[in-house]
Structures are given as structure tokens and as C-alpha cells.
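Below is one structure, written out as C-alpha cells, with a few remarks after it.
Sequential numbering from 1 along the given sequence is applied to the chain's residues. Counting convention: from 1, in listed order, for ligands and their atoms alike. All of these numbers come straight from a predicted model, not from anything done at the bench.
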Amino acid sequence: MKRVVFTFLLALTLFLDKATAILENTTTYIEPVSDGVGIIISLRNHNKNDAFKQRINLFPFSHLNITVTDVPSDIWFIILQIHTFQYNATISYDKALLDKVSNRSLFGSNIGLYLKTHNVTTPIQVFLKHNNVHNLDALLVIVAYDRNAPIPGGCNMEFDIEVAPYQKLHTENEMIIVDTQPASMLADNGLSLLCETNPVQHKMYRLYLPRQDFTPDTYFETIESMLTTQDIVRNGDEIPSGFTSPMRRIYSAYTGTGSVYAAVATHGNYSSAYIPIFTYACSPLLYPETCQVLNDTFAKVICALVLIIGFLLVLIGHKYAYIGRVLSSCMMGGILGYTLAVGISDYNTATNILIGLTSATLAVILSAFLHACKCTFLYNLPLGILCACIAYLYAPAFMFYVLESDWLFWPMFVSLMLTVAVLLTKMSYIAEIITRVVFGSYFVIIAIDYYTGSNLKYIILTLIRRVTISEFRLAFVYPPYQSADVTLTIIWSVLIIAQFIIQGCAKLCDRNMSEIESAESITETTSLFPKRVKKFYGRRYYRPKYRYNRPKYNYNTTFGM
Ligand SMILES: *[C@@H]1O[C@H](CO)[C@@H](O)[C@H](O)[C@H]1NC(C)=O
Ligand SMILES: *[C@@H]1O[C@H](CO)[C@@H](O)[C@H](O)[C@H]1NC(C)=O
Ligand SMILES: *[C@@H]1O[C@H](CO)[C@@H](O)[C@H](O)[C@H]1NC(C)=O
Ligand SMILES: *[C@@H]1O[C@H](CO)[C@@H](O)[C@H](O)[C@H]1NC(C)=O
Ligand SMILES: *[C@@H]1O[C@H](CO)[C@@H](O)[C@H](O)[C@H]1NC(C)=O
Ligand SMILES: *[C@@H]1O[C@H](CO)[C@@H](O)[C@H](O)[C@H]1NC(C)=O
Ligand SMILES: *[C@@H]1O[C@H](CO)[C@@H](O)[C@H](O)[C@H]1NC(C)=O
């Protein structure tokens with residue numbers, strides 16, 4: 001009873017000063033709105049192609065009438081949008097249709113309707129409703145267009161609502177699929193739409209949020225930066241169309257990194273924007289664990305193990321090359337097997353671990369075999385694969401047409417891989433160091449990467465997706481490259497360079513020493529002497545012997561003879 005009275009009072013106050021929002025560029029906020037209340041939005045002084053934005057907050061299970069008034073006469077239509085944070089709402093042309101599935105209402109979290117405003121006598125009104133037990137945090141947006149602007153979704157053939165300025169997004173198989181309907185132009189008589197000889201061009205854009213940022217404020221800020229055509233072009237990355245339908249884009253999913261997808265229809269000098277659509281590629285509110293890459297203790301323990309082994313490899317890998325080799329093959333095999341097992345289907349954890357362990361054992365055997373047969377070429381292949389993966393992931397956008405075809409992609413991938421491997425074979429000594437250095441530090445990086453949820457792990461994961469998911473070739477893969485990734489890349493480079501210097505020095509010194517030692521092999525110099533002293537003694541006391549026992553090395557200059 002108390003609640004009813006409270007709601008009534010609140011509704012009353014809202015009725016009394018019916019929230020007439022003054023048009024502003026900036027977002028305005030209004031108090032939580034209770035059931036059956038209406039807001040009136042005046043578009044007086046509003047320019048075409050500008051976005052009107054207002055944050056609204058609705059009580060649980062409430063309705064809202066939205067009425068638009070004072071539309072300037074040069075505005076022919078508006079796109080009215082509702083962006084909700086995580087929860088769904090229904091928007092409808094008719095109040096009676098709010099509770100039904102129909103072709104005049106829409107359910108979702110990035111929804112909106114096309115409203116004709118020119119020469120219209122009835123009130124310009126839409127109805128909003130939501131059935132969530134929580135307050136609904138939403139952003140109300142109105143973008144206005146003049147007579148020449150293309151009508152987004154005006155030539156809709158597939159979606160339910162006749163003019164469909166919204167987009168549809170679904171996630172499957174680690175892919176995000178975004179569908180849009182073609183735009184139309186008004187014919188010269190101002191009534192019918194031109195669809196057969198459609199002259200409108202469409203371009204799609206994408207914008208990433210900071211990784212693992214699930215706050216409503218970031219969400220709404222990002223949506224606000226993708227509403228008008230100028231903002232979309234300025235803030236988004238254009239995504240080329242592939243072999244699939246020109247109105248569909250397929251993206252690789254980066255779990256836990258939010259992304260906004262926008263579309264722009266252009267005809268001549270005039271363009272209009274579709275309603276942007278959004279996904280985190282997981283549900284942070286309903287199922288928070290889906291947004292965590294590391295969601296169980298076991299995976300965290302494995303990650304810690306990888307981190308420790310990575311550090312060990314970096315620090316002492318060059319001293320115990322054999323142990324380093326076994327460890328890194330073991331880890332590589334294990335990670336690869338485990339990821340494959342997790343990626344291909346949902347076995348239980350025990351099965352995944354078993355597959356990982358089997359793959360680790362196989363990798364160790366294989367690496368021992370490779371080392372025994374001195375196949376340096378095969379030994380350089382992993383580095384070749386890594387290079388090819390990086391090239392695939394960060395290839396420029398125009399290469400997408402090429403990469404999309406399996407017939408072009410795999411030959412290119414394999415030849416790049418082989419080229420790198422062959423080049424390295426030519427300098428096998430350096431290659432060995434590079435392989436050890438790069439992979440040793442990659443373990444450190446990938447472990448940190450899993451903890452922080454950044455995106456360097458996708459260097460390998462994307463290739464696995466490409467191999468295991470048949471449709472994945474159509475996906476646009478360019479991953480987000482944000483501050484965490486930049487930091488990790490810098491750490492990786494520093495680790496590589498540092499290791500290179502340490503190992504290079506160590507190897508060089510060792511080689512000098514071994515040369516001298518082989519020359520000294522007849523003598524019984526004990527290694528009790530520090531190296532420099534040993535050299536000194538060798539030179540001092542055994543010099544005469546060099547003259548006679550010097551089959552390999554020439555010490556003329558070294559020893560100033
Ligand atoms: C609205 O924003 C745009 C760009 O953000 C700016 O050029 C324009 O002057 C602003 N208009 C008003 C009324 O503040
Ligand atoms: C909402 O719209 C309906 C139908 O047009 C109308 O009956 C009702 O009075 C409106 N409510 C408000 C608060 O404007
Ligand atoms: C919103 O609707 C979509 C599609 O119907 C559904 O998958 C999702 O779980 C819904 N979200 C919530 C919070 O109910
Ligand atoms: C406005 O609408 C009326 C009736 O629907 C129609 O007769 C008239 O031609 C329209 N005017 C314009 C400028 O479209
Ligand atoms: C919408 O649905 C109604 C009845 O369900 C039908 O008569 C009408 O033709 C439909 N309109 C469109 C554009 O599909
Ligand atoms: C586009 O704009 C330019 C200059 O703003 C003008 O010269 C050109 O005629 C316009 N084109 C069309 C198709 O309106
Ligand atoms: C080393 O010294 C010997 C005799 O002093 C000389 O014949 C020989 O050419 C020298 N070798 C080199 C590579 O300088």
C-alpha cells in the first residue's frame with residue numbers, strides 16, 4: 001500500500017511538471033520514471049543530423065509514453081532509439097502491441113523505430129515498456145534527417161518491422177554476426193521508396209570499449225559516440241564487406257571486450273546512420289563467469305605454472321638448453337591440446353586436461369625426435385607459424401578479401417611460414433637463440449595476458465579458431481589493441497632483447513672459451529681457475545705447444561706472435 005501511494009505521488013509530481021526536455025547536445029538526466037508516465041520531447045531549434053540524447057531510468061515493470069513535438073519543418077523523419085544497459089525492453093508504435101510479438105514492436109537492448117515527421121497530423125508517439133525486476137537504465141536518442149537523407153532500413157526485406165533502422169546481432173561459434181537491411185531513398189513524389197534500382201551505399205563501422213570494462217557509464221559514452229554519421233566516421237573503424245551479403249558483417253568475438261557496430265547509408269552528399277548495436281561477447285550481468293577467460297581455479301593454477309616456467313626459461317633457459325627445450329615443447333603441446341579441447345566442444349575439465357597432457361607428451365617426444373635427427377628446418381617451423389599468425393591477425397583491412405578465401409589464405413600462410421623457417425635455417429645458430437628467446441618470453445606474456453584479459457593470446461587462438469570453425473574464414477579478425485596490449489608488447493620486446501643480449505653474450509663467451517679449451521685439451525688445466533685467469537695461464541705457460549698442435553686455430557694475431 002505504501003508503495004502504491006509513493007508511486008502515485010511520484011507519478012503526480014512527474015505529471016505536474018511534465019518533463020519537457022530542452023534540446024541539448026549534452027545528455028540530460030531525468031528522475032526515475034514510474035508506470036504510465038509520459039515524457040514530451042521538444043525538437044525546437046534542433047538541427048538535422050544532430051543527436052538528441054537523454055538518460056532515463058525506469059522503475060521495474062513500467063511503461064513510458066514518448067511524445068515528440070515541435071519538429072522543425074525541414075525534418076522529414078526521425079530515428080528514435082532506446083539503448084538499455086544489459087536488460088531488454090520493448091518499443092512499439094502502438095500501446096496495445098507492447099505485450100505481443102508483432103511487426104510494429106521490437107524487443108531488445110539497442111532498439112528503435114523510424115518515425116515520419118513531415119506532413120504528419122497525428123501525435124508523434126512511441127511506447128516503451130520493460131519487464132525487468134530491476135530499474136532500467138537507458139539512453140533515449142533521437143536523430144533527425146531531412147528530405148534527402150536515405151532512410152535506414154527503408155528497403156527491409158527480412159526484418160519484422162516494415163522500415164527497419166535497427167541492426168540484429170547474434171553470437172555463435174566465437175563469431176559475432178551483424179545484419180542490417182538496405183536503406184532507401186524517397187522517390188520524387190515524396191511518398192514511395194526506391195528499392196529496385198537502389199543507389200544507396202552502405203558502410204559498416206566498429207568501435208571497441210576498453211577491455212573488461214562493464215560499467216554503464218562507459219557503455220553509454222561509447223554508444224553516444226556512434227550516433228551521428230560524422231561521429232561514426234570519426235570514431236569507428238570501417239570494416240570492408242566480404243564475399244557474404246553486403247549487408248552482413250562477421251567478426252571474431254573477443255570475450256569481455258565490448259564493441260559497438262554502426263552502419264552508415266550514403267547517397268551523394270547525404271548520409272544517415274543506423275541504430276548502433278552492442279555486445280560484450282558475454283553476459284556480465286546474468287552470467288559474469290562467461291566474461292572471464294580464466295574462470296576456474298584449475299586454469300589459474302595452470303596459468304601461474306606457465307608464468308613460472310616462462311620466467312625460468314627466460315632466466316636460465318640458455319644454460320640448460322636441453323631442459324628448456326623439453327619444458328617449452330611440453331608447455332606448447334599442453335596449451336595447444338588444452339585450448340583445442342576447450343575450443344572444439346565442451347568436454348568436462350578432466351577430459352580437457354587429459355587431452356592437454358597427451359598433447360604435451362606427444363610434443364616432448366616429437367621435439368626429442370626432431371632434435372635427434374637434427375632437422376633444424378622443422379625446428380624453426382614454430383617460429384614461422386608464430387610470424388604467419390601475427391601477419392594474419394594484423395593484416396591491413398584491404399587484405400580481408402584475400403584472407404577470406406581458403407584457397408588464397410592457406411597457401412599464403414604456409415609460404416610465409418616456410419619462408420621464415422628457411423631463412424632461419426640459413427643461420428641456424430641465431431635461429432636457435434631466436435626460437436628460445438621468443439617462445440620463452442611468449443609464455444610469460446601469455447600467462448599475464450590471461451590474468452589481465454588482454455588480447456595477445458588471440459595470436460594463437462585465432463589460428464585455432466580458423467582451423468576448427470568452418471565459417472570462421474568469413475570473420476574479420478583484427479583484434480583490439482589497447483593500452484594493456486601495448487604494455488604487454490613492450491614487455492615482450494624488452495624480454496626478447498634482454499634475453500638476446502644475455503644469451504648472445506653467454507654463447508659468444510662460451511664459444512671463445514670452448515675454442516680455447518679445445519686448443520688446450522691436451523693440457524690438464526683445471527676449471528678451478530676463473531676463465532680469464534685460465535686464459536692467462538694457457539697463454540703464459542703452454543704457448544710453445546701451440547706451434548706444434550695447432551691444426552684448427554690460428555693464434556698468430558691473438559697472441560701477438
Ligand atoms: C553539438 O555538438 C557538435 C559537435 O559535437 C558541435 O559542433 C555543435 O556546436 C554542438 N551544438 C550545440 C547546440 O551545442
Ligand atoms: C500514453 O498513451 C496512451 C495511448 O495514447 C494514452 O491513453 C495515455 O494517456 C498516455 N499516457 C501519458 C501519461 O501520456
Ligand atoms: C535479452 O534478449 C535476448 C534475445 O532475446 C536474450 O538472449 C537475452 O538473454 C535477454 N537479456 C536479458 C537480460 O534478459
Ligand atoms: C500532406 O498530406 C496530405 C494528405 O495525406 C497530402 O494530400 C499532401 O499532398 C501532403 N503534402 C505534402 C507536401 O506531402
Ligand atoms: C504486419 O502484421 C499484420 C497482421 O499480423 C499484417 O496484416 C501486415 O501485413 C503485416 N505487415 C507487414 C509489413 O508485414
Ligand atoms: C555535393 O556537394 C558539393 C559541394 O558541397 C556540390 O558541388 C555537389 O554538387 C553536391 N552533389 C550532389 C549530388 O548534391
Ligand atoms: C702465422 O704465422 C706464420 C709464421 O709466423 C705465418 O707463416 C702464417 O702466414 C701466419 N698466419 C696467418 C693467418 O697470419
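Ring to ring, Y166 and Y274 are not that close: their centroids are 6.0 angstrom or more apart.
Below 4.0 Å from some heavy atom of F107 lie the following atoms of ligand 3, by number and element: 2 (O), 5 (O). Taking every non-hydrogen atom of L286 and a distance limit under 4.0 Å, the qualifying atoms of ligand 3 come out as 12 (C), 13 (C). The Q86 neighbourhood of ligand 3 comprises atoms 13 (C), with distances under 4.0 Å to a heavy atom of that residue.
Of the candidates I91, I79, I82, V163, L113 forms a side-chain contact (heavy atoms from CB on, under 4.5 Å) with just one, namely I91.
T222 contributes atom OG1, which lies 3.5 Å from atom CG of L209 (distance to the nearest 0.5 angstrom).
Of the N or O atoms in N88, one or more lie within a sub-3.5 Å distance of an N or O in ligand 3.
Contact check for V477 versus L403: no side-chain heavy atoms found under the 4.5 Å cut-off.
Ring geometry for F409 versus F413: interplanar angle of 30 to 60°, hence tilted. Between Y261 and Y251, the two ring planes are tilted [angle within 30° to 60°]. The aromatic rings of Y87 and H134 lie parallel to each other, their planes meeting at an angle below 30°, with 60° marking the opposite boundary.
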Go ahead and list the nitrogen or oxygen contacts between ligand 5 and the protein that come in under 3.5 Å, distances to 0.1 Å, or just say none.
from     : atom 1 : to   : atom 2 : distance (Å)
ligand 5 : 2 (O)  : N103 : OD1    : 3.3
ligand 5 : 2 (O)  : N103 : ND2    : 2.4
ligand 5 : 11 (N) : N103 : ND2    : 2.7
ligand 5 : 14 (O) : N103 : ND2    : 3.2

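Evaluation of the salt bridge (Lys or Arg N to Asp or Glu O under 4.0 Å) rule for K203 yields no partner, not counting sequence neighbours.
Under 4.0 angstrom from ligand 3, there are no non-hydrogen atoms of N132.
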